[in-house]
Protein chains: 2
Amino acid sequence: MNTTRPGRRPRADARRNYERLLAEADSAFRENGTEASLENIARRAGVAIGTLYGHFPNRRALVGALLQDRNDVLFETGDRLLAHPSAAEALTGWVHAVVEHAAVYRGLVAMLIDGLDDDASELHESCVRMSAIGERLIANAHAAGVIRHDATGADVAALMNAAAWVREQMPEEQADRFLRFAMDGLRPAGG
Amino acid sequence: MNTTRPGRRPRADARRNYERLLAEADSAFRENGTEASLENIARRAGVAIGTLYGHFPNRRALVGALLQDRNDVLFETGDRLLAHPSAAEALTGWVHAVVEHAAVYRGLVAMLIDGLDDDASELHESCVRMSAIGERLIANAHAAGVIRHDATGADVAALMNAAAWVREQMPEEQADRFLRFAMDGLRPAGG
DNA sequence: ACCTGAACACCGTTCAAGT
DNA sequence: ACCTGAACACCGTTCAAGT
């Protein structure tokens, strides 16, 4: 639960401000998406705008800090699915988990896509890890013959991101239907 | 080619400004997406910001004016496809046409989605028309038995919008693959 | 009838000055 | 070591004043 970075003992007020900023950012991002006003977040947290930038050099850092715990959960899910006996169920489970993960904040999918390409992004490491898990699950699916042979990791990633975007834009039920149909399109030809 | 609205004879300078604003907006939207700075557009067109607002009350109106000609082409395509002998090819053709249509400006898909729900939007009419064509083509596809029976118009719309979004975010080739796979997911179970 | 640009209210981001 | 808030450079949008 201690989210403080390298320096040893943060001052009590610094820690409190950090915590408050995270809480306000979370609620602002949930309400208005990842483009929510940072000035507003600082104001609601009761600190000056400079304090926000002191703790988080940019918007990505703030989002990254908020995603920490959720990332841990996601990667545990990934490990569990990699050991799952059914490669098909594992892949489906992963896609659902990632879509759910990205659905917290409107606009997050776009940030994650950028984060994968930009190695200077605070989100880069987790994006790469997500990508790696996906690749392995797809390899397993191919080995088990439960996915059409011409589908690549990039194809599944595109599907996943698209589904997350649909989830941001439309009612959850519609997003579920989209995901189900799209996944059917990945099944082997004879399936 | 005359794009002037109800008032009879626009002043020569007004017409020229209108034309210049459209041209600059088009290039700005192509470069930076539909969120491109309006002040920049006015500046590059050589007019004051107030002149831009005089011609276009908001960003949607500007986008709508730019889409006029492209809409005509799209709807002609729609009419032609509605008369196409193969319901399957017609639907596929329509989805491709809409994705291509929305791909001009990054961010346009999101505006079109909003435009369908918001009847105060300058884009609303064309969105409704697009939607109606889609519905008819899907009805035809169902009648011909070339689409899975549980797929609705909303499902196809979601797929189309998602494909357009993928086209905005990733290389065109990736978007094509996504679209092909996703469309396969709409084929009848036994297909 | 149309154009101008100042005015207002908002941003993100930086940084000298404080404690 | 951390916080503050003014400062700068940018927005979208409106509207009184011009021609």
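What you see is a predicted model, and the numbers here were worked out from it, not measured in a lab. The chains referred to below are lettered A, B, ... by the order of the sequence lines, with proteins before strands, and numbering in each begins at 1. Because only heavy atoms are used, hydrogens play no part in the values below, and waters and symmetry mates are left out as well, while side chains stay in.
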Does atom CZ (A:R44) have a neighbourhood of more than 12 heavy atoms from anything else shown, all under 6.0 Å?
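Result for CZ/A:R44: enclosed.
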
Take a 6.0 Å sphere around CD of A:E173 and say whether it holds more than 12 heavy atoms from other residues, nucleotides or ligands.
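Incorrect, the count does not exceed 12.
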
Under a 4.0 Å N-O cut-off, is there an ion pair linking A:E35 with A:R106?
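No.
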
Considering only NZ, NE, NH1 and NH2 on the basic side and carboxylate oxygens on the acidic side, decide whether A:R80 and A:E76 come within less than 4.0 Å.
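No, this pair does not count.
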
Between [atom2] of [N] and [atom1] of [X], the distance in whole Å:
| X | N | atom1 | atom2 | value |
| --- | --- | --- | --- | --- |
| A:E35 | D:dG12 | CD | P | 15 Å |
| B:F56 | C:dC2 | CZ | P | 13 Å |
| B:L52 | C:dC2 | CG | C1' | 14 Å |
| B:Y18 | C:dC2 | OH | P | 12 Å |
| A:N58 | C:dT13 | CG | P | 7 Å |
| B:R11 | C:dA1 | CZ | C1' | 5 Å |
| A:L62 | C:dT13 | CG | P | 11 Å |
| B:I41 | D:dG12 | CD1 | C1' | 12 Å |

Run the numbers on B:V166 and A:L159 for side chain to side chain contact (heavy atoms under 4.5 Å, CB included), then give the verdict.
CA-CA 9 Å; B:V166 169; A:L159 186 156; over 6 Å; no

Residues of residues 108-118 of chain B with a heavy atom under 4.0 Å from any atom of DNA chain D, listed by number, are none

Indicate, with a heavy-atom threshold strictly under 4.0 Å, whether [X] touches base, sugar-phosphate, or nothing.
| X | answer |
| --- | --- |
| B:D13 | sugar-phosphate |
| A:G50 | base |
| B:S37 | sugar-phosphate |

Looking only at side-chain N and O atoms, does B:N17 come under 4.0 Å of OP1 or OP2 in C:dC3?
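The answer is yes; a side-chain N or O of B:N17 sits under 4.0 Å from OP1 or OP2.
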
Are B:M183 and A:L179 linked, directly or through other ILVMFWY residues, by side chains that come within less than 4.5 angstrom of each other?
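Hydrophobic grouping puts B:M183 with A:L179.
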
Reading DNA chain C from 5' onward, which residue's closest nucleotide shows up sooner: A:N40 or A:P57?
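In this pair, the answer is A:N40.
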
How far apart are the closest heavy atoms of B:A102 and B:A164, and which atoms are they?
CB-CB, 4.0 Å

Should the ring pair B:Y105 and B:F29 be called parallel, tilted or perpendicular, given that the plane angle runs from 0 to 90° and is split at 30 and 60?
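The rings of B:Y105 and B:F29 stand perpendicular, inter-plane angle above 60°.
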
I want to verify a distance call: between [options], whose nearest atom is closest to the [X] side chain?
| X | options | answer |
| --- | --- | --- |
| A:E39 | C:dG12, C:dG5, D:dC11 | C:dG12 |
| A:Y53 | D:dG12, D:dC3, C:dT13 | C:dT13 |
| B:L38 | D:dT13, D:dG5, D:dC11 | D:dT13 |

Specify the residue among A:I49 and A:H55 whose closest nucleotide of DNA chain D lies further upstream toward the 5′ end.
A:H55

Hey, mind stepping through A:H101 and A:N71 against side chain to side chain donor-acceptor pair (under 3.5 Å) and telling me if it holds?
CA-CA 8 Å; A:H101 180 259; A:N71 273 333; 3.3 Å; yes

Does NZ or CZ of A:R129 come closer than 6.0 Å to the centre of the six-membered ring of A:F75, within 45° of the ring's axis?
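Yes, A:R129 sits over the ring of A:F75.
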
Return one dot-bracket line describing DNA chain C 5' to 3' (Watson-Crick or G-U wobble pairs, both distances under 3.5 Å; ( ) same strand, [ ] crossing, | another strand, . none).
||.|||||...|||||.||

